[in-house]
Q: 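First the structure, then my questions, so here it is.
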Amino acid sequence: MATMTMAKALNAALADALLEDDRVLVFGEDVGQLGGVFRITDGLQARFGDKRCFDTPLAEAGIVGFAVGLAMSGLRPVVEMQFDAFAYPAFEQIASHVAKLRNRTRGKLSVPMVIRVPYAGGIGGVEHHCDSSEAYYAHTPGLKVVTPATVSDAYSLLREAIDDPDPVVFLEPKKLYFASGEAQLPARTEPFGRAVVRRAGTDATLVAYGPAVPVALEAAEAAREEGWDLEVVDVRTLVPFDDGTIADSVRRTGRCVVISEAQGFAGVGAEIAARVQERCFHALHAPVLRVSGLDIPYPAPMLEHTHLPSVDRILDTVARLQWDDQPDPRWLTQGSAA
Amino acid sequence: MATMTMAKALNAALADALLEDDRVLVFGEDVGQLGGVFRITDGLQARFGDKRCFDTPLAEAGIVGFAVGLAMSGLRPVVEMQFDAFAYPAFEQIASHVAKLRNRTRGKLSVPMVIRVPYAGGIGGVEHHCDSSEAYYAHTPGLKVVTPATVSDAYSLLREAIDDPDPVVFLEPKKLYFASGEAQLPARTEPFGRAVVRRAGTDATLVAYGPAVPVALEAAEAAREEGWDLEVVDVRTLVPFDDGTIADSVRRTGRCVVISEAQGFAGVGAEIAARVQERCFHALHAPVLRVSGLDIPYPAPMLEHTHLPSVDRILDTVARLQWDDQPDPRWLTQGSAA
Amino acid sequence: MTTTPQAVRRASPRTRRPATPAATDPAAGLLPQTEPVRLLDPDGTPLPARDDYPEPPIEALREMYRRMVVGRRFDTQATALTKQGRLAVYPSSRGQEACQVGAVLALRDDDWVFPTYRESMALVSRGIDPVEVLTLLRGDWHCGYDPAARRTAPQCTPLATQCVHAAGLAYGESYQGRDTVALAFIGDGATSEGDFHEGVNFAAVFKAPVVYFVQNNKYAISVPLSRQTAAPSLAYKGVGYGVPSEQVDGNDPVAVLAVLTRAVAHARAGHGPYLVEAHTYRMEPHTNADDATRYRDADEVEAWRDRDPVARLETYLRARGALDDAAVAEIAGQAEAYAADLRERMNAQPTVDPMSLFDHVYAEPTPQLVEQREQVRAELAAAAEGDA
Amino acid sequence: MTTTPQAVRRASPRTRRPATPAATDPAAGLLPQTEPVRLLDPDGTPLPARDDYPEPPIEALREMYRRMVVGRRFDTQATALTKQGRLAVYPSSRGQEACQVGAVLALRDDDWVFPTYRESMALVSRGIDPVEVLTLLRGDWHCGYDPAARRTAPQCTPLATQCVHAAGLAYGESYQGRDTVALAFIGDGATSEGDFHEGVNFAAVFKAPVVYFVQNNKYAISVPLSRQTAAPSLAYKGVGYGVPSEQVDGNDPVAVLAVLTRAVAHARAGHGPYLVEAHTYRMEPHTNADDATRYRDADEVEAWRDRDPVARLETYLRARGALDDAAVAEIAGQAEAYAADLRERMNAQPTVDPMSLFDHVYAEPTPQLVEQREQVRAELAAAAEGDA
Ligand SMILES: Cc1ncc(C[n+]2csc(CCOP(=O)(O)OP(=O)(O)O)c2C)c(N)n1
Ligand SMILES: Cc1ncc(C[n+]2csc(CCOP(=O)(O)OP(=O)(O)O)c2C)c(N)n1
Ligand SMILES: [Mg+2]
Ligand SMILES: [Mg+2]
């Protein structure tokens, strides 16, 4: 085991993939000599040459569409979108081609590729640099959507994503890039498609993914003081989704809070809440509650802490899980027709 | 009262808006002389001239971005995206500008506009012509998202959308364009932001919107044979969302099925299910269930009936609402960790 | 800070560039000729031979004629099938036969084609089974042929998006040491889309062997070219990417084949992409669902009948002695047989298994799809029971 | 269907277009001059006067100098504030002063500017309060000034998207009978984005009075121009839209002002958009967070120091007798005062009310936002109580 950052683990995953599979090409904006604005591709061009790791013209639809063509020719593109909101120009290419080409051609043509997207906030970034864009992809059939929360997972999931026969949108929580963790490379963690219980507990389940996982774990620690023993599940792959691990946990604890950094409305957190109550209705002592970003455009750096799910907001929500078996008065009084 | 199609009502709404408000401009692809591929703008150019209703170059980001500039100059653009999937090229303009300019400028600049999108399926359309794209917009703070299900609402909501100080994504269910209904123009129905009970019932609430509303009504009729008296709520505006009307209904009926045509995962249906169980937990006799499109790319015409929520699928789902107060065995056996 | 210099406010500076730039002008090798290349008069009379575009071999032109005749018959048949309700929709390319067939003939079989919805004729001309080509429009699946085996991408509907795919494919092929050329079809209207710009630019920067072939048929559904661009012609876009460009009379089969052959050779030789604009005309409405009388005059359409590419080539080949009544009849017979076979095979109602909906979303269905598949399976079983 | 004509497979057809097109060549009025327009030598010596670009009035040039000096001082100050942690990030435009100020001086106050993140200097040069300009980068809100009042769009980060806004705004203004011109700034890298293409094309088709002003500073973050385009120069893109274009030495203040003045006059006169490419250089890293030594040589940067636009204009104005030591000192003093004021005001910690998060999402908060606002209000009250 060694201590390293998630950035380093991702870099190692790319390097190992380039080494082991000739078909892998890494490209995007500034990923060559600069090594990417987050240095995730640092040193790759020097080591593997500028045919394996290269800069493209500044055009995201172009980058993704070019990857489609390369994949058609048998190569394995791994592209970087520089920031979350800067992947939006590629939305048509992603939604109408990347996601659908296998289906369109009854599997005769497939376009395995990885679209790496540094996403979410918590780094004091200015507008357009902090969007949580996972729902746009998770709602699009044909894409797999992955987001690691630990250093080992970053390596392992990225290697699996590159090997996957399907296109994967690989969402990297920016704020975790330079957080360190223990990892032994080449790490291989739980297989793609599996959620993981990051902390066992008995009283309620916190379901989180990506940047929300460390916050959930922190909240679970803090909850001990309040006398709650909380379980934390890390979803890891949003698509495919691991109903089993999550439903098992909630059936044991009887309570559930879903935590995601994105604005809540019609986000992945809504999906998780809907699924959990469908599957665990009779085990639930309280409704499945959600903690998410506010339903506002991502705010300026000085206000992002108000926007983001915080330990306090999570604990406030856990407190509303009807521990005294009384309905939450909030839902009894609110929501009547105005 | 007169009988007319939704297409005609939309056309009348545009004409009346052009007449009453000089600032209104209608533009897009083929909306001029042709009157739009669905003829929603039929006759407008002849009547109001080619400065008020005109064709643009074929570029959707261009159309929406052009509308942003026009709105900045004080005009009121109403643009047509020719089909759902053909709005994707405009996604960056919509998500990063249309939705955010008011917020970005603390309200100093606003870009009221209507982006009309013929959406959803059921018309035997080939690929890219049938996407249900509402979740992409509803998940984006700063946009209002509307979808009419009746002829009168089509007129009324479109007029309100054009008058609204905020940008509105106006989703027109294609398959209802040429369905007729009674309407008295200029119709003014319930105000923007309100859901409506389309059919009163006591046993369970079907929540639906846009193209799913007629299917829900049909299912409710059919359910009478099974002995169920179902209430049907039409959401009308997805953003803002009317929690009150829907929660009131579910608290009365104690059961809820959410119906939407889009693929289900992380869709608006998930949001509705999550909200309803949050707010009505203690009134619910069964989990909130969902009927949606399958989590697949929109299929070819010959298979769309398998994809779309059908009366049968809705009735099957209603049947799973634990009428005998036994938990649904499905959720007790399924979803355990594999 | 409110002063503004009141300097030089003059009219359009159109005259300021010398009309005769030096031979070293970097644009000189990139701009198209000011008039579309033409080797036959509209009536089929050959124009004086020219050095830059030597005439293609006569056997090639004869084969071109054959495919154009068969292609046109296919097109008519597809329109008829639509009227009979056999196809959901059909976009005809009648009038564009020289382009549809010329593009295919300029390529090798192992070259890649990136067609749009309008290129059904090109695809059958490439030898793809017409039933497989029409699968999309019949509505049983989105693509009926095997794109990898046929080196032909699925017909692309999201406009201009294929321009980028072609760049990637072509670069990927040359990266892997193959000398494949990719030809991307695109319409006049679609050149307004951002993906056209990004595609041609990527191809240029990566020196990818792509021929971008714009069929300027004057309309994008109802929108005439004048609402699409203010450029002298679409071929003038190439210079902005450093891509050599040419414009050609798209109803002159000989010129189309000559120009595309050169463009393909340029790309194959490693010189990077090439842009060709063919001036042609869509004789039919946009699709059978369109009503072209709403936006264009019958006169305009009539005028283009005189430039019919099939008749033009026939006249020329007859004059060259490469075609006689017997040969014309034989080819017409081939076309009829082709159409008859198509008609017959399209009359068989296709069966599509609804369970296949779940097979090709991912390489393996996700647990969520497995669940939904079981639900549909149960529904279908129940329905079958109900029917029984 | 496997035959392929073996015709004319020849090398690049670069020579096929006559190097001297006829005077009627439609490209002739649209292409840029083959060399960037230059009116001063790099050392400030005036070049021979020319008809097409008369020199701007001397008072305008003196004002230009003043704003460039103040602008540069502002820029240095902003970089310093970033080092002190007062700004989240700052993209310097040092070296691009002639472009930043020239664009502003070519416009009227009621014209609209569409800046990018790099245009802070242009905005202060337009008279916008520098604290308001830096609000975005300090991180208290996304835009600190009133765009409607200042006729200046928010600094645009999603690259090239502003090109389309400018077209819409300019068309909207002229539609309403106003003779406003819009100037859209854009970088070399961003010209690769589809929205550049769509924006310029919309402006051309609608004859919207827009000047597209490309500051080609040779890099898009780390990516050099050679990875961005294979075109002779970015100004060659105009002809593909039917838009007249020019290239200019972007470090020659006199030429920049002359060329932009003409471009603005062209647009204002109703001739439609105009494209100007200025060849300049980004002297600093992309932003303070960037490490430019990773991708470019110190030598390259040094070479550009010799073409410093401020020194160049100073030399020229002194030679013309329009500037002396006293004036230079006075302007330097103004710049220092400006910087000192900025420093002081930026040292005050701004307060931003978290409740304002809910105010500007919609004209009125939705019920969902009202609910979330109450939740945040309660949280803040609880926190305040906890603190007390
Ligand atoms: C992105 C996108 N926007 C709109 C459409 C709808 N549409 C289909 S064909 C067409 C016109 C295309 O015209 P052109 O490029 O000239 O090709 P042609 O049909 O004339 O061959 C339009 C607007 C589409 N398919 N894709
Ligand atoms: C759509 C989009 N993609 C990527 C980025 C990230 N980004 C910000 S600046 C920049 C480089 C821009 O280069 P250029 O256009 O030359 O302008 P310059 O910074 O040199 O002024 C990039 C890639 C962005 N802001 N928007
Ligand atoms: Mg066309
Ligand atoms: Mg640059």
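Excluded from the calculations below are hydrogen atoms, water molecules and symmetry mates; all remaining heavy atoms, backbone and side chain alike, are included. Throughout, protein chains are lettered first and strands after them, A, B, ... in sequence-line order, and every chain is numbered starting at 1.
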Q: Within this structure, what is the CZ-CG distance for the pair F358(D) and L294(A), rounded to the nearest 0.5 Å?
A: 4.5 Å
Q: In terms of heavy-atom proximity below 4.5 Å to chain D, should Q45(A) be classed as side chain, backbone, both, or neither?
A: neither
Q: Given V376(D) and T306(A), is the side-chain contact (heavy atoms from CB on, under 4.5 Å) satisfied, shown in steps?
A: CA-CA 8 Å; V376(D) 168; T306(A) 307; 3.8 Å; yes
Q: Work out which heavy atom in P354(D) is nearest to a heavy atom in L303(A); give both atom names and the distance.
A: CA-CD2, 3.7 Å
Q: Tell me, side chain or backbone of E193(D) under 4.5 Å from chain A's heavy atoms, or both, or neither?
A: both
Q: What option among I296(A), V126(A), V37(A) has the most heavy-atom pairs under 4.5 Å with chain D?
A: I296(A)
Q: At a 4.5 Å cut-off on heavy atoms, which part of D55(A) comes close to chain D: side chain, backbone, both, or neither?
A: both
Q: Report which part of L369(D) has an atom under 4.5 Å of a heavy atom belonging to chain A: side chain, backbone, both, or neither.
A: side chain
Q: Quick check on E60(A) against chain D: is it the side chain, the backbone, both or neither that has a heavy atom closer than 4.5 Å?
A: both
Q: Just verifying a value: how many Å separate S192(D) OG and L58(A) CG, rounded to the nearest 0.5 Å?
A: 6.0 Å
Q: How long is the span from the CD atom in E127(A) to the CD atom in Q155(D), to the nearest 0.5 Å?
A: 11.5 Å
Q: Going from OG1 on T366(D) to CZ on F265(A), what distance comes out if it is rounded to the nearest 0.5 angstrom?
A: 8.5 Å
Q: What part of T56(A) gets within 4.5 angstrom of chain D, counting heavy atoms only: side chain, backbone, both, or neither?
A: backbone
Q: Under 4.5 Å heavy-atom distance to chain D, tell me which part of H129(A) shows up: side chain, backbone, both or neither.
A: side chain
Q: Identify which part of L159(D) has an atom lying under 4.5 Å from any heavy atom of chain A, answering side chain, backbone, both or neither.
A: side chain
Q: Using non-hydrogen atoms and a limit below 4.5 Å, what part of residues 276-294 of chain D faces chain A?
A: D290(D), D291(D), R294(D)
Q: Please lay out, stage by stage, how M302(A) and Q349(D) fare under the test side-chain contact (heavy atoms from CB on, under 4.5 Å).
A: CA-CA 11 Å; M302(A) 289 193 189; Q349(D) 183 59 30; 4.0 Å; yes
Q: Within a 6.0 Å radius of atom CD on E300(D), are there more than 12 heavy atoms belonging to other residues, nucleotides or ligands?
A: yes
Q: Using 0.5 Å steps for rounding, measure from the CZ atom of R227(D) to the CD atom of E29(A).
A: 12.5 Å
Q: In terms of heavy-atom proximity below 4.5 Å to chain A, should A88(D) be classed as side chain, backbone, both, or neither?
A: side chain
Q: Evaluate side-chain contact (heavy atoms from CB on, under 4.5 Å) for E379(D) paired with D312(A), printing each intermediate quantity in order.
A: CA-CA 8 Å; E379(D) 281 176 14; D312(A) 277 353; over 6 Å; no
Q: Can you name the residues that form a side chain to side chain donor-acceptor pair (under 3.5 Å) with Q33(A), not counting sequence neighbours?
A: none
Q: Which one of R138(D), H142(D), Q372(D) has the most heavy-atom pairs closer than 4.5 Å to chain A?
A: H142(D)
Q: Can you confirm whether more than 12 heavy atoms, excluding those of R343(D), are under 6.0 Å from its CZ atom?
A: yes
Q: Which atoms of R373(D) come close to chain A, meaning under 4.5 Å heavy atom to heavy atom: side chain ones, backbone ones, both, or neither?
A: neither
Q: Under a 4.5 Å cut-off applied to non-hydrogen side-chain atoms, are Q375(D) and D316(A) in contact?
A: no
Q: Looking at every heavy atom in both P158(D) and F86(A), which two are closest together, and how far apart are they?
A: CA-CE2, 4.2 Å
Q: Look at atom CD of E225(A) and say whether more than 12 heavy atoms of other residues, nucleotides or ligands are closer to it than 6.0 Å.
A: no
Q: Against chain A, label E374(D) side chain, backbone, both or neither, depending on which of its atoms sit under 4.5 Å from a heavy atom there.
A: neither
